[in-house]
Protein chains: 2
Amino acid sequence: MGLTKTEMFTSEQNQLAQLLKAMAHPARIAILQRILVSNTCICGDLVEELGLAQATISQHLRELKSVGIIQGTIEGVSVCYCINPVTWKLLETQIGAFLGSYKLKADCC
Amino acid sequence: MGLTKTEMFTSEQNQLAQLLKAMAHPARIAILQRILVSNTCICGDLVEELGLAQATISQHLRELKSVGIIQGTIEGVSVCYCINPVTWKLLETQIGAFLGSYKLKADCC
DNA sequence: GAGAACAATCGTAATATTGCAATATAAATT
DNA sequence: AATTTATATTGCAATATTACGATTGTTCTC
C-alpha cells in the first residue's frame with residue numbers, strides 16, 4: 001500500500017508524526033542546524049554547504065515549510081528562510097511531553 | 001533515486017534522523033504512548049487496540065526495536081516490549097539540544 | 001526590455017515505506 | 001506429539017521519498 005491509515009489515529013498523533021517526519025532526514029536536520037546557528041535567515045548558501053543539488057535543497061526546504069517549521073520571505077533575488085517560532089514552540093511542547101512522560105521503573109523486561 | 005546520501009552528513013545528523021524517522025509514524029507513536037502509559041510492557045494487545053493487522057504491528061515493533069527505542073523479551077508464549085532507557089535518554093538529550101538551541105531574535109524574516 | 005542571478009517546479013528514475021494475507025516459527029497446554 | 005496461542009517473516013501491491021537535470025519563474029541591474 002504505502003498509504004498511512006491516518007484515520008485510525010488521533011489528530012495529535014498524526015500531527016506529531018508529521019512534524020517528526022519533516023525533521024527525520026539528515027539533510028533537513030543539517031538545514032535546520034544551519035538556520036539555528038546563523039539565526040538570521042539563509043537561502044542558497046545551503047546548496048554549496050550541503051553538497052546537494054539545488055533542486056534537492058529546494059525540495060527539502062519546501063517540505064520543512066509545508067509543515068510550518070520554517071518560513072521564507074523574498075529578499076531581493078534570493079529567499080530568506082528562518083524558524084517559525086510558533087511551530088517550533090509547538091514542537092518543543094509536544095515532543096517534550098511525549099519524551100518526558102517516560103519514568104523508569106524497576107519492574108520492566 | 002530514493003536513496004539518502006548519508007555520506008554527506010555527520011554521524012550525529014544521521015543518527016538523530018534515524019531515531020526521528022523511527023518515531024515519525026502515527027502507529028509507532030501510538031505504540032510508544034501505549035508502552036509509556038502501562039509502563040509494564042505489552043505485546044499483542046496493540047493489535048486489538050490499534051486496529052491494524054498483526055503483521056503490520058509486528059513490523060512497526062521491529063522498526064522501533066531495530067533502532068533501539070524499545071526492547072523485547074519473550075514472556076512465555078507472548079513477547080513483552082518496553083522502552084530502552086538508554087536510547088530514550090539519548091533521544092531526550094539529542095532532541096533537547098537540537099530544539100533548545102533556538103533563541104528567538106527580533107531581526108528575522 | 002535584455003540579461004544575470006537565484007529559487008521553484010516538472011519530469012523521471014531508483015529506492016523505501018506501508019499494509020496485509022499467507023505462512024512459518026516458538027512456546028505452552030493438553 | 002498434537003493443538004492452541006502468540007508473534008515473526010515472506011511476498012506482494014500501492015504509494016511515498018529521495019535526488020537530480022532541465023526548465024520555468026522572479027527579481028534585480030543595466
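First the proteins, then the strands, lettered A, B, ... as listed; each starts at 1.
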Integer-rounded Å distance: [N] [atom2] and [X] [atom1]:
X       : N      : atom1 : atom2 : answer
A/Lys21 : D/dT17 : NZ    : C1'   : 8 Å
A/Leu50 : C/dA7  : CG    : P     : 13 Å
A/Glu48 : C/dC6  : CD    : P     : 9 Å
B/Met8  : D/dA19 : CE    : P     : 10 Å
A/Ile70 : C/dA7  : CD1   : P     : 12 Å
B/Ile31 : C/dG19 : CD1   : P     : 10 Å

Minimum heavy-atom separation for [X] and [Y], please, with both atom names.
X       : Y       : value
B/Gly72 : B/Tyr81 : CA-CD2, 3.6 Å
B/Leu50 : B/Ala27 : CD1-O, 4.0 Å
A/Leu99 : B/Trp88 : O-NE1, 2.9 Å
B/Asn84 : B/Gly68 : CB-O, 3.1 Å

Give [X] one of three labels, base, sugar-phosphate or nothing, depending on what nucleic acid heavy atoms sit under 4.0 Å from its own.
X       : value
B/Leu52 : sugar-phosphate
A/Ile57 : nothing
A/Ala55 : base

Write down the protein N/O and nucleotide N/O pairs, taken from nucleotides 5-7 of chain D, whose separation is under 3.5 Å; answer none if there are no such pairs.
| residue | atom | partner | partner atom | Å |
| --- | --- | --- | --- | --- |
| D/dT7 | OP1 | B/Gly44 | N | 3.1 |
| D/dT7 | OP1 | B/Val79 | N | 3.4 |
| D/dT7 | OP2 | B/Gly44 | N | 3.3 |

Student check: side-chain heavy atoms of [X] and [Y] closer than 4.5 Å:
X        : Y       : answer
B/Leu61  : B/Val79 : no
B/Leu36  : A/Phe98 : yes
A/Leu104 : B/Ile83 : no

Review point. Any salt bridge (charged side-chain N to carboxylate O under 4.0 Å, His left out) pairs touching residues 55-83 of chain A, not counting sequence neighbours?
Key: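 Sorted result for residues 55-83 of chain A: A/Arg28-A/Glu63.
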
Review point. Is the distance from OP1 or OP2 of D/dT18 to the nearest side-chain N or O of B/Thr4 less than 4.0 Å?
Key: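 For D/dT18, neither OP1 nor OP2 has a side-chain N or O of B/Thr4 closer than 4.0 Å.
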
If you look only at distance, which donor and acceptor atoms sit under 3.5 Å apart when one is on a side chain in residues 14-23 of chain A and the other is two or more places apart or in another chain?
| residue | atom | partner | partner atom | Å |
| --- | --- | --- | --- | --- |
| A/Asn14 | ND2 | A/Thr6 | O | 3.0 |
| A/Asn14 | ND2 | A/Thr10 | O | 3.2 |
| A/Gln15 | OE1 | A/Gln94 | NE2 | 3.3 |

Practice item. Return the set of residues passing side chain to side chain contact (heavy atoms under 4.5 Å, CB included) with B/Val47 (not counting sequence neighbours), or none when no residue passes. Key: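 Only B/Gln54, B/Ile57 meet the side chain to side chain contact (heavy atoms under 4.5 Å, CB included) criterion with B/Val47.
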
Review point. What distance separates B/Ile35 CD1 from B/Leu64 CG, expressed to the nearest 0.5 Å?
Key: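 Those atoms lie 7.0 Å apart.
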
**Study point:** 5′-ward residue of the pair A/Thr56/B/Ala24 relative to DNA chain C
**Key:**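 The residue mapped nearer the 5' terminus is A/Thr56.
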
Point to revise | Residue met sooner reading DNA chain D from 5', once A/His25 and A/Gly76 are mapped to nucleotides | key: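 Per heavy-atom nearest nucleotide, the more 5' residue is A/His25.
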
N/O to N/O distances under 3.5 Å, protein versus nucleotides 13-15 of chain C:
| residue | atom | partner | partner atom | Å |
| --- | --- | --- | --- | --- |
| C/dA13 | N1 | B/Met1 | N | 3.2 |
| C/dA13 | N3 | B/Met1 | N | 2.6 |
| C/dA14 | N3 | B/Met1 | N | 3.1 |
| C/dA14 | N3 | B/Met1 | O | 2.1 |
| C/dA14 | N3 | B/Gly2 | N | 3.1 |
| C/dT15 | O4' | B/Met1 | O | 2.6 |

**Study point:** Whether over 12 other heavy atoms sit under 6.0 Å from B/Glu48 CD
**Key:**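 12 or below, so no.
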
Practice item. Specify the residues of residues 59-66 of chain A, ordered by number, for which at least one heavy atom lies under 4.0 angstrom from an atom of DNA chain D. Key: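 The answer is A/Gln59, A/His60, A/Glu63.
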
